[in-house]
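First the structure, in the form of structure tokens, and then the observations on it.
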Amino acid sequence: MTYSMPVRDMRFALDHMAGFEALARSGAYPDLSDDIVTAIMEEMGKYCGNVVAPLNEESDRNGARLENGVVRTPPGFKEAYKQYVEGGWNALAFPTEWGGQGLPQTLALALVDGLNQASMSFAIGTTLTTGAVKAILHAGTDEQKKLFLPKMVSGEWTGTMNLTEPQAGSDLSGIRTKAEPLGDGRYKINGQKIFITYGDHDMTENIVHLVLARLPDAPEGTAGISMFLVPKVHVKADGSLGARNDVQCLKLEEKMGLHGSPTCVMAFGERGECIGTLLGEKHKGLRNMFVMMNAARLDVGMQGVGVAERAFQRALAYAVERRQGRAPGAKTGPMVAIYEHPDVRRMLYSMKALTEAARAICYANAVAYDLARHAPKEEERAKAKAIEELLTPISKAWSTDRANEIASLGVQVHGGMGYIEETGAAQHMRDVRIAAIYEGSNGIQAIDLVGRKVQGDDGKSARAFIQNMREEAIILKAGKRDDLKAIGARLFDATNALAKSTDWILASAKDPNNALAAATPYLKQFGNVVGGYYLSRGAVAAALLEKEAGADKAWLESKIAIARFFAENYLTEAAGLAPAVAVGAGVVKKLDPAALAG
């Protein structure tokens, strides 16, 4: 199957759905121009398509392995990563003072999209590094920044996030890793962490671990967690490498997918000689963690989009080539491509519509992130920050839930051959399954949405966003084109249903069980409406662009058609989710497990 990064689709989502032009208007990126963005994304497409994508299927068959205490990445990963560093890809959106290029994070997120289309196993290691860089930028001392940021911004050194322990998963209050002060600003670290992505590998000469641990005087619970910077190899004052630290990978997890990505069980201080430095304040490690986690949650949402795109491309290519059955209504004649069958097209359009909606949500989330930090006026920054906060759990959870659905549809389009590994369709399904679980499972994202984001400000941000979507629907309904009017009508009904659900969520604040029970259907409803909103913006833009000389009308019409398909299938679903939200906790009352078991 031939894969290519869909540069045109990605630019359309940036420019006509996510509001990327607002970043140029902000004045924060004086060197940002359409030509520069075009050049970056074209080169991005070449790197992802020609260098990374060929590694995907081979890394699934011949994954990472642990040999004599050294983690070996799959064939080709080391060479591809070298090109990643030499191409300056890791430095794209970081500050120029540390060797970055100072471009918007939104462009860096588009790179995450392309890399995950090419190979999720390869891409995931890069996102852990960028998350670690953001944490050090946020909380590091001048010395830590000087020693570590130049090499990490360039990608010459990678970074990790060490949170989970065997007894402490999503609930970090159970962390037992210890940090003992040595009296000279250094700490002796002792403990074990599990599920550490790229905790060890052979692609770089150093790895910088950010480790959650407890000091001797730490209070119980999450209030007593600190974060420590623990390099695999010690760094001398002049920036050169010193002796190996007491950090090692004990084993690699055998996973359902992502075989090319080493998921490590890490031991810190097996010999009692693991040394690290405090990152940020004592007992305030969760603040740094959430800097990483919020960045990671958007990246994980983008992982879902990337794998969904690759699954769609594979399914579409198969549907055009595979001949089976006759044309609808024909009793004789030749076999036709299965694309000719309406139900196959329904599956493919579902894959396309959900992928484009998820991409637009994530890109819009990134635009809000950039504007929240760089918009010229405080009022604009505050508005963007509210949107960023609201969209982050939706980007992560809705996009990855839908990616699992898309990958499953990709297998279905292939029929029985989809269940056979040689077609490659099953790999997408296996790889993307983890995205709904890690970086805060999707149930946790839903709880975050209803608790911190909606109830947290008494619904102010949610209601303002819903009103913006309702206004878009009203404009569409008043238009002249029947397809746009139909999209507007569906969006209008869906926004009204979401508004009612939001009112119910706010009214249920006194009984947390009701809100907790409603959280997942509410996030799904919210995601459907937001996805439809951004697709509707794209449909309006496509209708206008069709009038320009030399317009690719067939491609632009497909944008309108996919937005209409989404409206008829997923905005109607959003309206139908309102009863599931408002039913309350009674529907999930606790039953006797023995009765459930039969």
Side-chain angles (χ1 to χ4, degrees), residues 297 301 357-358 361 364-365 368 383 385-402 405 436 440-474 477 488-536 566-591:
R297 285 169 177 173
I361 291 171
N365 196 160
K383 182 178 178 181
K385 183 64 176 176
I387 294 173
E388 177 202 348
E389 294 284 339
L390 193 64
L391 289 183
T392 295
I394 297 171
S395 295
K396 195 280 181 184
W398 193 86
S399 299
T400 57
D401 279 341
R402 291 308 196 179
E405 181 179 341
S441 69
N442 286 358
I444 291 174
Q445 304 304 315
I447 293 168
D448 176 63
L449 176 64
V450 301
R452 291 190 180 95
K453 308 303 167 57
V454 175
Q455 294 177 342
D457 70 352
D458 294 322
K460 180 181 177 182
S461 299
R463 283 172 167 155
F465 197 80
I466 292 168
Q467 182 58 28
N468 286 340
M469 294 191 291
R470 184 184 285 117
E471 290 171 1
E472 175 77 14
I474 292 170
K477 284 177 64 179
R490 294 301 191 192
L491 181 59
F492 186 78
D493 290 345
T495 55
N496 287 339
L498 179 60
K500 291 180 181 178
S501 294
T502 302
D503 290 341
W504 188 91
I505 290 290
L506 292 166
S508 69
K510 294 181 181 179
D511 184 352
N513 286 317
N514 278 330
L516 291 171
T520 291
Y522 179 72
L523 186 145
K524 184 176 184 179
Q525 183 184 37
F526 215 134
N528 281 22
V529 180
V530 175
Y533 165 65
Y534 286 121
L535 288 180
S536 72
F566 187 97
E568 299 296 349
N569 287 274
Y570 298 105
L571 286 178
T572 53
E573 180 185 72
L577 281 166
V581 173
V583 72
V587 75
V588 288
K589 65 182 180 181
K590 188 163 68 174
L591 302 174

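Note that the coordinates shown come from a computational prediction; the quantities given were computed from them, not determined experimentally. Computed from heavy atoms alone, side chains included, the values below leave out hydrogens, waters and symmetry copies.
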Please check if the side chain of Glu389 supplies one atom and the backbone of Lys453 the other of a donor-acceptor pair under 3.5 Å. no
side-chain contact (heavy atoms from CB on, under 4.5 Å), that's the test. Do Ser395 and Gln445 meet it? Break it down for me. CA-CA 9 Å; Ser395 295; Gln445 304 304 315; over 6 Å; no
Could you give the distance from CZ (Phe566) to CG (Leu491), rounded to the nearest 0.5 Å? 10.0 Å
Identified side chain to side chain contact (heavy atoms under 4.5 Å, CB included) counterpart of Pro393 within the set Asp448, Ile444, Asn442: Asp448
Looking at CG of Asp401 and NZ of Lys396, how far apart are the two atoms once the value is rounded to the nearest 0.5 Å? 8.0 Å
Write down the atom of Ala473, the atom of Gly488, and the distance for their closest heavy-atom approach. CB-O, 3.5 Å
Report yes or no: does Thr495 contribute a side-chain atom to a donor-acceptor pair with the main-chain N or O of Phe492 at less than 3.5 Å? yes
Spacing of CE belonging to Met469 relative to OG belonging to Ser536, to within rounding of 0.5 Å: 9.5 Å
I would like to know whether Lys500 and Thr502 meet side-chain contact (heavy atoms from CB on, under 4.5 Å); could you show each step before the answer? CA-CA 5 Å; Lys500 291 180 181 178; Thr502 302; over 6 Å; no
Backbone N/O of Lys460 and side chain of Asp458: donor-acceptor pair under 3.5 Å: no
Do you know which two heavy atoms are closest between Gly531 and Ala357, and how far apart they sit? CA-CB, 3.9 Å
Please name the pair of heavy atoms, one in Lys524 and one in Trp398, separated by the smallest distance, quoted to 0.1 Å. O-NE1, 3.5 Å
Given side chains that start at C-beta, do those of Lys385 and Ile387 come closer than 4.5 Å, heavy atoms only? no
Looking at Asn514 and Gly584, would you say the former's side chain and the latter's main chain have a donor-acceptor pair under 3.5 Å? no
Once rounded to the nearest 0.5 Å, what's the spacing between atom CG of Asn528 and atom CD1 of Ile361? 8.5 Å
Which atom of Ser461 lies closest to which atom of Ala386, heavy atoms considered: OG-CB, 3.4 Å
Parallel, tilted or perpendicular, as decided by the 30° and 60° cut-offs, for the rings of Phe465 and Tyr533: perpendicular
Rounded to the nearest 0.5 Å, what's the gap from CZ on Arg470 to CG on Asp493? Could you check? 11.0 Å
Spatial distance of atom CG (Leu516) from atom CD1 (Ile447) [nearest 0.5 Å]: 5.0 Å
Correct closest heavy-atom pair for Val450 and Val454 would be O-CB, 3.8 Å
Run the salt-bridge test on Arg402 and Glu573 with the 4.0 Å N-O cut-off and return the result as yes or no. yes
Quick one: does Leu449's side chain get under 4.5 Å of Leu390's, heavy atoms only? yes
Determine whether Leu577 and Tyr522 make a side-chain contact, defined as any pair of heavy atoms from C-beta on separated by less than 4.5 Å. no
Closest approach of Ala446 to Leu523 (non-hydrogen atoms, all atoms of both residues): CA-CD1, 3.6 Å
